[in-house]
J.: 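Please find one structure pasted underneath; my questions will follow.
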Amino acid sequence: MGAEDYLRDYLKQDSFFQNKVALQPNYHPEDINHRENEITKITKILAPILKGHKPSNVFMYGKTGTGKTLCAKHVIQQINTVANENNKKIITLYVNCKLKRVADTEYRLVAELARMLGTELPITGLPTDEVYNVFFKIVNIQECPILLILDEIDQLVKKAGDDLIYNLTRINGELEKSHITLVGISNDLSFADNLDPRVKSSLSEEELIFPPYNAPQIQDILRQRSEKAFKKNTVEQGVVEKCAAYAARDHGDARRALELLRVAGEIAEREGKNSIALEQIDEAEDKIERDRVVELVKNQPKQFQACLYSIIQIVSNSKDEVYTGDVYEFYKQLCDKTDLRPLTQRRISDIIGEFDMFGVVNAKIVSKGRYGRTREIKIGLPQEVKKKVLNILNVELGL
DNA sequence: GTCAATTCACATGAAAGAGACCACGGTCTAGTG
DNA sequence: CTAGACCGTGGTCTCTTTCATGTGAATTGACGA
């Protein structure tokens with residue numbers, strides 16, 4: 001079939017989607033399934049803010065895709081609505097601390113907050129306490145309660161240390177006409193354990209745990225969304241169930257389930273099918289994984305790519321176990337060939353660790369007794385993806 | 001044979017350096033009236 | 001006289017290096033049965 005024909009057919013075929021947004025992660029449905037308890041709790045905790053009192057700080061835990069952000073945003077929205085109705089001034093600030101180059105350091109976070117309140121601040125160059133001062137001043141001018149939601153706060157604290165939270169809570173002591181309430185959201189359940197006790201007690205005056213969704217719950221959510229997203233009769237029997245089962249299998253991640261459904265829809269549409277069938281879900285799962293890895297690898301710096309290339313080559317060449325030392329040797333030779341300045345083994349060790357985190361590689365620490373202690377490295381990718389990655393690396397490294 | 005000490009090959013941590021980016025204030029220069 | 005170009009200083013941020021310390025079990029070697 002020629003390209004032209006394809007385009008003609010494509011135009012004739014009507015889309016499955018009537019409102020694709022409903023499947024996107026930032027979509028905000030009016031009613032949120034299976035989180036009624038959490039929402040009422042948060043609402044009750046934060047309600048005093050409407051009367052101008054300072055509510056307790058809240059800390060919310062839960063794995064990815066358990067609806068933390070959604071609930072938080074939902075409650076803020078309601079508070080804002082009620083506040084507007086009654087002519088109360090409340091400022092709500094939502095920041096995602098994971099966003100690179102926006103709010104992933106102390107300086108950036110505070111600067112970003114100040115910016116949200118309407119100051120201009122340089123990206124860098126000022127001393128951090130200067131930025132605090134600016135923020136402090138502008139908060140003082142507002143003369144109203146401020147609700148500060150820090151999403152993925154664990155990322156921030158891991159990088160910037162916990163005195164940042166301490167500083168933020170401390171501000172309250174010096175404010176007269178306004179106060180700041182912190183709402184922390186974390187994916188990491190053990191996050192609070194390594195916190196300074198002082199910080200911990202002030203941050204988590206109230207704690208809320210978001211349990212993972214189970215399969216039936218995810219099904220409900222998927223149904224609710226897919227009714228909005230797809231036209232009638234485009235989703236075959238069992239599709240929703242299967243998506244839900246996949247997502248429930250690894251820690252009840254609703255976001256993943258929605259993505260799976262969306263991508264399955266896109267694939268079915270592209271293939272010119274009449275409806276979304278079970279097999280598209282498998283294809284979607286592969287595609288998501290493949291895209292994720294390919295994107296990741298492409299965006300890595302040269303050194304990381306060289307390291308990954310070394311790992312893949314050496315793992316493919318030798319069938320038995322591969323250790324950090326072997327990778328480093330290969331890597332050094334590779335650097336020689338490609339005119340890359342070789343990094344120290346210390347650094348490579350960290351890089352391997354990062355690839356492990358990304359799930360591209362499985363690096364398990366093993367002790368071989370007298371023969372030392374090292375990482376046993378395997379590749380955590382399906383054959384087909386591995387080949388693709390290798391191709392990319394060949395191009396990127398100019399081999 | 002048993003048991004603690006040794007030893008290997010890194011892992012893991014902490015600190016500090018290099019180099020990119022940026023703001024700010026001061027100095028110099030050239031253009032203007 | 002003044003706007004703009006051009007420093008030097010001091011700050012952040014990321015990626016690395018350097019130095020130091022930690023670690024778990026195979027191996028070793030002393031010891032006693």
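In the text below, chain A, chain B and the rest are named by the order of the sequence lines, each starting its count at 1. Note that the structure is a prediction, hence the values are computed from the model and not measured.
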J.: Among the nucleotides C/dA26, B/dT12, C/dT17, which one has an atom lying closest to any side-chain atom of A/Ile365?
T.: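 Minimum distance to the A/Ile365 side chain belongs to B/dT12.
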J.: When you check the gap from the basic side-chain N to the acidic O, do A/Lys388 and A/Glu384 get nearer than 4.0 Å?
T.: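 No, A/Lys388 and A/Glu384 are not salt-bridged.
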J.: Please determine whether a side-chain nitrogen or oxygen atom of A/Thr344 lies at a distance below 4.0 Å from atom OP1 or OP2 of C/dT16.
T.: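 No, because none of the side-chain N or O atoms of A/Thr344 sits under 4.0 Å from OP1 or OP2 of C/dT16.
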J.: Just the rounded figure in Å: distance from C1' of C/dG11 to CZ of A/Arg108.
T.: 13 Å
J.: Would you say a side-chain N or O of A/Arg375 is under 4.0 Å from OP1 or OP2 of C/dT23?
T.: no
J.: Starting at atom CD1 of A/Ile351, determine the distance to atom C1' of B/dC10, rounded to an integer number of angstrom.
T.: 16 Å
J.: For C/dT12, does either OP1 or OP2 sit under 4.0 Å from a side-chain N or O belonging to A/Thr128?
T.: yes
J.: I'd like to know if A/Arg249 and A/Glu285 make a salt bridge, using a cut-off of under 4.0 Å between side-chain N and carboxylate O.
T.: yes
J.: Examine the side chains of A/Thr324 and A/Ser349 and answer whether a donor and an acceptor come within less than 3.5 Å of each other.
T.: no
J.: Distances for protein N/O vs nucleotides 14-25 of chain B N/O pairs under 3.5 angstrom?
T.:
none

J.: Nearest of B/dT12, C/dT12, B/dT7 to any side-chain atom of A/Arg370?
T.: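 The answer is B/dT7, which lies nearest to the side chain.
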J.: What is the distance, rounded to the nearest whole Å, between atom NZ of A/Lys364 and atom P of C/dG24?
T.: 15 Å
J.: So, OP1 or OP2 of C/dT17: does either fall under 4.0 Å of a side-chain N or O from A/Arg341?
T.: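 So the side chain of A/Arg341 is within the cut-off, an N or O lying under 4.0 Å from OP1 or OP2 of C/dT17.
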J.: Pick one: which of A/Lys63, A/Glu152, A/Gln155 meets side chain to side chain donor-acceptor pair (under 3.5 Å) with A/Asn187?
T.: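 The side chain to side chain donor-acceptor pair (under 3.5 Å) with A/Asn187 is passed solely by A/Glu152 among A/Lys63, A/Glu152, A/Gln155.
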J.: Could you pick out which residue, A/Ser349 or A/Gly369, lies toward the 5' side of DNA chain B when each is mapped onto its nearest nucleotide?
T.: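 Looking at the nearest nucleotide for each, A/Gly369 comes out on the 5' side.
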J.: Taking atom types as they are modelled, is there a donor-acceptor pair under 3.5 Å from the base of C/dT23 to the side chain of A/Arg373?
T.: yes
J.: Any side-chain donor paired with an acceptor under 3.5 Å for A/Thr64 and A/Arg256?
T.: no
J.: Does a side-chain N or O from A/Thr324 land closer than 4.0 Å to OP1 or OP2 of B/dA11, or not?
T.: yes
J.: Between A/Ile348 (CD1) and C/dC15 (P), how many Å, whole number?
T.: 14 Å
J.: Could you tell me how far apart A/Asp350 (CG) and B/dA11 (P) are, to the nearest whole angstrom?
T.: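 Distance, rounded to whole Å: 9 Å.
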J.: Counting any heavy atom closer than 4.0 Å, what does A/Asp104 reach on the DNA or RNA strands: base, sugar-phosphate only, or nothing?
T.: sugar-phosphate
J.: A/Tyr371 side chain N/O closer than 4.0 Å to the phosphate oxygens (OP1, OP2) of B/dT7?
T.: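 The answer is no; no side-chain N or O of A/Tyr371 sits under 4.0 Å from OP1 or OP2.
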J.: If you look at every strand shown and take non-hydrogen atoms under 4.0 Å, does A/Gln303 touch a base, only sugar-phosphate, or nothing?
T.: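 Sugar-phosphate contact only - A/Gln303 comes under 4.0 Å of backbone atoms but never of a base.
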J.: Without decimals, in angstroms, what is the distance between A/Asp326 CG and B/dC8 P?
T.: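 It works out to 18 Å between those atoms.
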J.: Can a side chain N or O of A/Thr105 be found less than 4.0 Å away from OP1 or OP2 on C/dC13?
T.: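 So the side chain of A/Thr105 is within the cut-off, an N or O lying under 4.0 Å from OP1 or OP2 of C/dC13.
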J.: Closer than 4.0 angstrom, basic N to acidic O: yes or no for A/Lys41 and A/Glu38?
T.: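 The answer is no: the pair does not qualify as a salt bridge.
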J.: Could you tell me whether A/Arg223 and A/Glu241 make a salt bridge, using a distance below 4.0 angstrom between a side-chain N and a carboxylate O?
T.: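 Here A/Arg223 pairs with A/Glu241 in a salt bridge, since their nearest N and O are under 4.0 Å apart.
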J.: Report the distance from atom CD of A/Gln345 to atom C1' of B/dT12, rounded to the nearest whole Å.
T.: 13 Å
J.: Without decimals, in angstroms, what is the distance between A/Tyr107 OH and C/dT12 C1'?
T.: 7 Å
J.: Under a 3.5 Å threshold, yes or no: a donor from one side chain and an acceptor from the other, between A/Gln313 and A/Tyr331?
T.: no
